[in-house]
Chemist: 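Below you'll find the structure I mean.
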2 protein chains.
Amino acid sequence: MSNTTINFQDRTIEYQQLLEDFKTLLKKSNLKFTIQREIILETLYNSNEHLTPEALHQLIQKQHPNLKIGIATVYRTLALLEESNVVTSLSFGAQGKKYELGAKEHHDHLICLECGQITEFVDEAIEKRQHAITHELGFKMLDHSMQIYGICKKCQEKKLTTEKEN
Amino acid sequence: MSNTTINFQDRTIEYQQLLEDFKTLLKKSNLKFTIQREIILETLYNSNEHLTPEALHQLIQKQHPNLKIGIATVYRTLALLEESNVVTSLSFGAQGKKYELGAKEHHDHLICLECGQITEFVDEAIEKRQHAITHELGFKMLDHSMQIYGICKKCQEKKLTTEKEN
DNA sequence: GTCGCTGCAAAGTCTTTGCAGAGAG
DNA sequence: CTCTCTGCAAAGACTTTGCAGCGAC
């Protein structure tokens, strides 16, 4: 089995394209393109992270101190973006949802329980098996999500160092 | 690729065993074995479903109308059981967590977005790929979860019928 | 101008916590 | 007996909603 089927961190679309698509989408539903919606999308795009609504709101406040964007607007916009499949939400063990742009190539998540870092990957063999399984059951697959939880390399090394110190 | 590697609904342990393990676990941490904890575990075992704390609480009230078990106790016990890896929680798109006994063989989930039904499955090929991926990154896998969302066979058929009627 | 959008604050959910009495060991 | 658990109600966290004024088109 070759490793070439695994791709990490594959970003495939450009912001301008995303923005245009978003505008088209809004127009189609008779919705308005507001500065708040633009900033939320842009911030989500620039932050290559998985953000909670709260974190996204704080980030926006930091980057645009003169603008006042309410947390309610963040929630409303994220709901809109999720409905439109522009972003995807990821639910975690503890509490809260995290959002990420969903327009990139579909991918799964490796989550470090120590430092919270999330690594994305795509694996063809897994995707194929998913299709095989759903096909066998006559199940129509619309989406899927996979998370692997554990300890990343860095944190393992950090632990070793700490143990030696003691 | 053979289909024999897929196993659906594999239940592997008995309640008596589970109960003994739970008692041992409690003793080890100087915790007490109470009727509430027993009923919560038992109800979770007998219900072969994925339950929210709320649903579990209601089910207990229905099955044991003379007992008064507070919702707070359900939350506290589920947290305890999750910490001890007796149950696993599953987070959903919308809101809330669902719990299931985690002592069965590890499995993934097929979730119907139409009727909410959850089917469990295990696929060796996917498990192998997961190991391969984490190994390549030096990531220590502790757990993983996979959900496939879509429309189950029954609901697809139901939809077709409804469309014909109109 | 119209009608959707926003910020604010208030209202909902869902979950956790403090406390005094009950009960397991 | 001791010390943890429990139920209750109150507090908290997170999210949604109502509303009046604002702003995109």
Chemist: Under 4.0 Å, counting only non-hydrogen atoms across every strand here, what does B/Ile71 touch: a base, just sugar-phosphate, or nothing?
Modeler: nothing

Chemist: In this structure, how many angstroms lie between the P atom of D/dC25 and the CD atom of A/Glu38, rounded?
Modeler: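 After rounding, the reported distance stands at 11 Å.
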
Chemist: Distance check: side-chain N/O of B/Gln36 vs OP1/OP2 of D/dG7, anything under 4.0 Å?
Modeler: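 Yes, B/Gln36 has a side-chain N/O under 4.0 Å of OP1/OP2 on D/dG7.
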
Chemist: Kindly calculate the angle separating the two end axes of the helix from C/dG1-D/dC25 to C/dG25-D/dC1, each obtained from five base pairs, and round it to 10 degrees.
Modeler: 40°

Chemist: Once rounded to the nearest 0.5 Å, what's the spacing between atom NE2 of B/His64 and atom CG of B/Leu59?
Modeler: 8.0 Å

Chemist: Taking only the side-chain nitrogens and oxygens of A/Thr34, find out if one of them lies under 4.0 Å from OP1 or OP2 of D/dG23.
Modeler: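 Indeed not, no polar side-chain atom of A/Thr34 lies that close.
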
Chemist: Round to the nearest Å and state the distance from A/Ile40 atom CD1 to C/dG7 atom P.
Modeler: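 Roughly 8 Å, once rounded to whole Å.
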
Chemist: In Å, rounded to the nearest 0.5 Å, how long is the span from NE2 of A/His144 to NE2 of A/His131?
Modeler: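 If I round to the nearest 0.5 Å, the distance is 8.0 Å.
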
Chemist: A/Lys23 has an atom NZ; how far is it from atom C1' of D/dC25, in whole Å?
Modeler: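 Result: 13 Å.
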
Chemist: If I take atom CD1 from residue B/Ile60 and atom CD1 from residue B/Ile39, how far apart are they, to the nearest 0.5 angstrom?
Modeler: 7.0 Å

Chemist: Verify the contact: side-chain N or O of B/Arg37 to OP1 or OP2 of D/dC5, cut-off strictly under 4.0 Å; return yes or no.
Modeler: yes

Chemist: Could you state the atom-to-atom distance from CD of A/Gln61 to C1' of C/dC8 in whole Å?
Modeler: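 Roughly 13 Å, once rounded to whole Å.
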
Chemist: Considering every strand and a 4.0 Å limit on heavy-atom distances, what is the contact class for A/Lys32: base, sugar-phosphate, or nothing?
Modeler: base

Chemist: Side-chain contact, heavy-atom cut-off 4.5 Å: B/Ile35 with B/Ile69?
Modeler: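 Result no, sub-4.5 Å side-chain heavy-atom pair not found.
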
Chemist: With a 3.5 Å cut-off and just heavy-atom distances, do the side chain of A/Arg76 and the base of C/dG4 make a donor-acceptor pair?
Modeler: no

Chemist: Out of curiosity, B/Phe121 CZ to A/Arg129 CZ, how far, rounded to the nearest 0.5 Å?
Modeler: 9.5 Å

Chemist: Write down the atom of B/Phe139, the atom of A/Cys152, and the distance for their closest heavy-atom approach.
Modeler: CD1-CA, 3.5 Å

